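Structure first, commentary second.
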Protein chains: 2
Amino acid sequence: MLEVKPQPESAPDRSGPQTGVSIAEAARRTGVSMHTLRYYERAGLVVTPVDRTTGGRRRYQQLDLDWITVCTRLRATGMPIKTIRRYAQLVSAGYGNEQERLALLEAHRADVAARLAEIRENLTLIDHKIDVYRGRLAAGDADRLWAPVRRAQGYSD
Amino acid sequence: MLEVKPQPESAPDRSGPQTGVSIAEAARRTGVSMHTLRYYERAGLVVTPVDRTTGGRRRYQQLDLDWITVCTRLRATGMPIKTIRRYAQLVSAGYGNEQERLALLEAHRADVAARLAEIRENLTLIDHKIDVYRGRLAAGDADRLWAPVRRAQGYSD
DNA sequence: TTAGGATTTAGAGCGTGCTCGAAGTCAAGC
DNA sequence: GCTTGACTTCGAGCACGCTCTAAATCCTAA
C-alpha cells in the first residue's frame, strides 16, 4: 500500500534534480519504457501529477514508482487502461471510496480467475494433443498401422 | 485428434447442401462468428480447403468444425494467428513433420505456463491489496488512527 | 417466376496498447 | 558561450485480431 506522498512539510522543492529521479531512471527501475511512462501519464494513469523541475522535466518520487508498479501489475493481469484510469481516479479522490475501489479490484480478480480457468482448461486439451504426438513419435508413428489414412487427402492434426 | 477428411470413396458430391453445414450453422456450432470464420480462412488457418457448393457457398464438414475448435483453443491460450497458420501448414503437409508440430506445441505450452505463472503472481499481489481494503472497511477505516495521512496531498491506493 | 434472405468477395474500419518521430527546450561539461 | 545529449509535447504510425460494408450472387419458398 502506498501511503503518503512524501513531500516536505514546507513548500516542495521542485527546482532541481535534488529530489526524485529522471524519466530514464524511472524507466530503468520500473521496467516500463520512457515512451510508455509518458503514454500512461497522458492516459490518466496517475494519482498525483509527477513532479517537474523548473525546466519542465519529470522527477519521479518513490511513490510514483510504486504506483507505476501497481499499474504494471494490473496491466500484467489484463486490466484495460480505462479501468486502471478509473482506479487511479478513485485513489486520487482520497479517502471515502474504499468500497468502490474494493469492488473494482474484486471484479478484476474474478475476471482474471475466469481467464485463468479457461486458459488452464484449453491448455489441458492441448497437452493431450502433445501427448499423442509424443506417443506417436516414440512408437515410430506405429499408429499408422492401426489407424491408417483412409483417404488421399486425409489429415491428422 | 482429427484423423481423416471423411469424403466418400467416389467423387465427392459438392453440388448441393446435402453434406456439411452452412457457414451460419458452423458459426453457431463453433461459437466463432461468420466474419471470423471467413477471416480465419483468409488468414490461412485451414488444413484442407472448406468444401463449396456449385454456387460457391461453403459447406463445413465435421472435420472442419473440429479443426476450427482446435484453432479456438489455441487462440484462447494466446497463440498468435501467425503461429496457428504455421501449425496448419505443418498439419496440411501431412505425415512426416510430427517432430516439428510437437516442438511448436511444446513451445506454446511453455509460453502459456510462463504467462500463467506471471498472472498468478501478480494476482497474488493484487489479492493482498484487496485484503487490506477489506480489513480497512471492516475496521471502519480504523487504520487512519494509527497510520494517519501525514500530508495534505497524500494518498493511499 | 420472383421476392427476399443467406452468402460471397475484397477491402476498409476499429479498438487496444503501445511505439515512434519531429521539432523544440533544457542542462551539464568544456 | 557552445556543444551535446537528455528530455519535452503531441500527433502519427503500427501490430494485432477482429468486425463491418457494399455490391454482387445464390438459393429457397411461395
Side-chain angles (χ1 to χ4, degrees), chain A residues 13-46 49-60 64 68 71-88 108 111 115 122, chain B residues 13-46 49-60 64 68 71-88 108 111 115 122:
Chain A
D13 178 7
R14 291 173 172 171
S15 58
Q18 298 85 338
T19 185
V21 300
S22 71
I23 191 168
E25 180 63 17
R28 199 190 61 73
R29 292 198 192 174
T30 61
V32 177
S33 78
M34 296 192 302
H35 280 306
T36 301
L37 284 176
R38 295 193 197 101
Y39 162 68
Y40 280 0
E41 201 174 308
R42 266 194 290 174
L45 270 53
V46 278
V50 173
D51 289 346
R52 299 290 184 125
T53 65
T54 48
R57 270 81 200 286
R58 292 175 180 81
R59 301 305 297 181
Y60 290 83
D64 300 315
I68 291 160
C71 288
T72 61
R73 267 180 209 146
L74 294 174
R75 286 292 305 123
T77 50
M79 183 182 284
I81 297 288
K82 273 185 189 173
T83 310
I84 303 181
R85 178 168 54 220
R86 169 116 192 80
Y87 182 59
H108 178 58
D111 282 355
R115 268 194 301 121
N122 284 301
Chain B
D13 177 9
R14 290 172 173 173
S15 58
Q18 299 85 338
T19 185
V21 300
S22 71
I23 191 169
E25 179 63 16
R28 201 190 60 75
R29 292 197 193 174
T30 60
V32 177
S33 79
M34 296 191 303
H35 282 306
T36 302
L37 285 176
R38 295 194 197 100
Y39 162 68
Y40 279 0
E41 202 174 307
R42 267 193 290 176
L45 270 53
V46 277
V50 174
D51 289 346
R52 299 290 184 124
T53 66
T54 49
R57 268 83 200 282
R58 292 175 180 81
R59 300 305 298 182
Y60 290 84
D64 300 316
I68 291 161
C71 289
T72 61
R73 267 178 211 147
L74 294 174
R75 286 291 306 124
T77 49
M79 183 182 284
I81 297 287
K82 270 185 189 173
T83 310
I84 303 181
R85 178 168 54 220
R86 170 117 192 78
Y87 181 59
H108 178 59
D111 283 355
R115 268 194 302 121
N122 284 301

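Remember, it's a predicted structure, so these values are computed and weren't measured experimentally. Throughout, a chain's letter reflects where its sequence line sits, starting with A, and its residues are numbered from 1.
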Are any non-hydrogen side-chain atoms of B:Tyr60 and B:Thr30 less than 4.5 angstrom apart? no

Any side-chain heavy-atom pair from B:Ile23 and B:Arg38 closer than 4.5 angstrom? yes

Ignoring hydrogens and geometry beyond distance, is a side-chain donor-acceptor pair present between A:Thr77 and A:His108 at under 3.5 Å? yes

Over how many whole Å does the gap from [X] atom [atom1] to [N] atom [atom2] extend?
| X | N | atom1 | atom2 | value |
| --- | --- | --- | --- | --- |
| A:Lys82 | C:dG17 | NZ | P | 9 Å |
| A:Met34 | D:dA6 | CE | C1' | 8 Å |
| B:Ile81 | D:dT19 | CD1 | P | 11 Å |
| A:Arg59 | C:dA27 | CZ | C1' | 12 Å |
| B:Ile68 | D:dG17 | CD1 | P | 17 Å |
| B:Leu74 | D:dC16 | CG | P | 17 Å |
| B:Arg85 | D:dC18 | CZ | P | 13 Å |
| A:Arg75 | C:dG17 | CZ | C1' | 6 Å |

Considering non-hydrogen atoms only, spot the tightest contact between [X] and [Y] and give its length.
| X | Y | value |
| --- | --- | --- |
| B:Val21 | B:Ala26 | CG2-N, 3.9 Å |
| A:Ala43 | A:Ile81 | CB-CG2, 4.0 Å |
| B:Tyr40 | B:Val32 | CE2-CG1, 4.4 Å |

Quick one: which protein N/O atoms are closer than 3.5 Å to N/O atoms of nucleotides 9-12 of chain D? Pair and distance per line, please.
residue: D:dT9; atom: OP1; partner: A:Arg52; partner atom: NH1; Å: 3.2
residue: D:dT9; atom: OP1; partner: A:Arg52; partner atom: NH2; Å: 3.0
residue: D:dT9; atom: OP2; partner: A:Arg58; partner atom: NH1; Å: 3.1
residue: D:dT9; atom: OP2; partner: A:Arg58; partner atom: NH2; Å: 2.6
residue: D:dG11; atom: N7; partner: A:Arg42; partner atom: NH1; Å: 3.1
residue: D:dG11; atom: O6; partner: A:Arg42; partner atom: NH2; Å: 3.2

Can you tell me if [X] touches the phosphate of [N], counting only side-chain N or O atoms and a distance under 4.0 Å to OP1 or OP2?
| X | N | answer |
| --- | --- | --- |
| B:Thr53 | D:dC26 | no |
| A:Tyr40 | C:dG17 | no |
| A:Tyr39 | C:dC20 | no |
| B:Thr36 | D:dG17 | no |

Can you check whether [Y]'s main-chain N or O pairs, donor with acceptor, with [X]'s side chain at less than 3.5 Å?
| X | Y | value |
| --- | --- | --- |
| A:Ser33 | A:Thr36 | yes |
| B:Arg59 | B:Gly20 | yes |
| B:Arg75 | B:Met79 | yes |

Taking B:Arg52 first and then B:Glu41, would you say they form a salt bridge - that is, a charged N and a carboxylate O separated by under 4.0 Å? yes

Charged N-O contact under 4.0 Å between B:Arg57 and B:Glu25: no

With hydrogens left out and only the distance checked, is there a donor-acceptor pair under 3.5 Å joining A:Arg57's side chain and the base of D:dA6? yes

Residues in residues 23-33 of chain B with a heavy atom under 4.0 Å of DNA chain C, by number, are B:Ile23, B:Ala24

Value rounded to 0.5 Å, distance of CD1 in B:Ile68 from OG1 in B:Thr72: 9.0 Å

With the criterion being N/O to N/O and under 3.5 Å, what pairs connect the protein with nucleotides 1-4 of chain C, and how long is each?
none

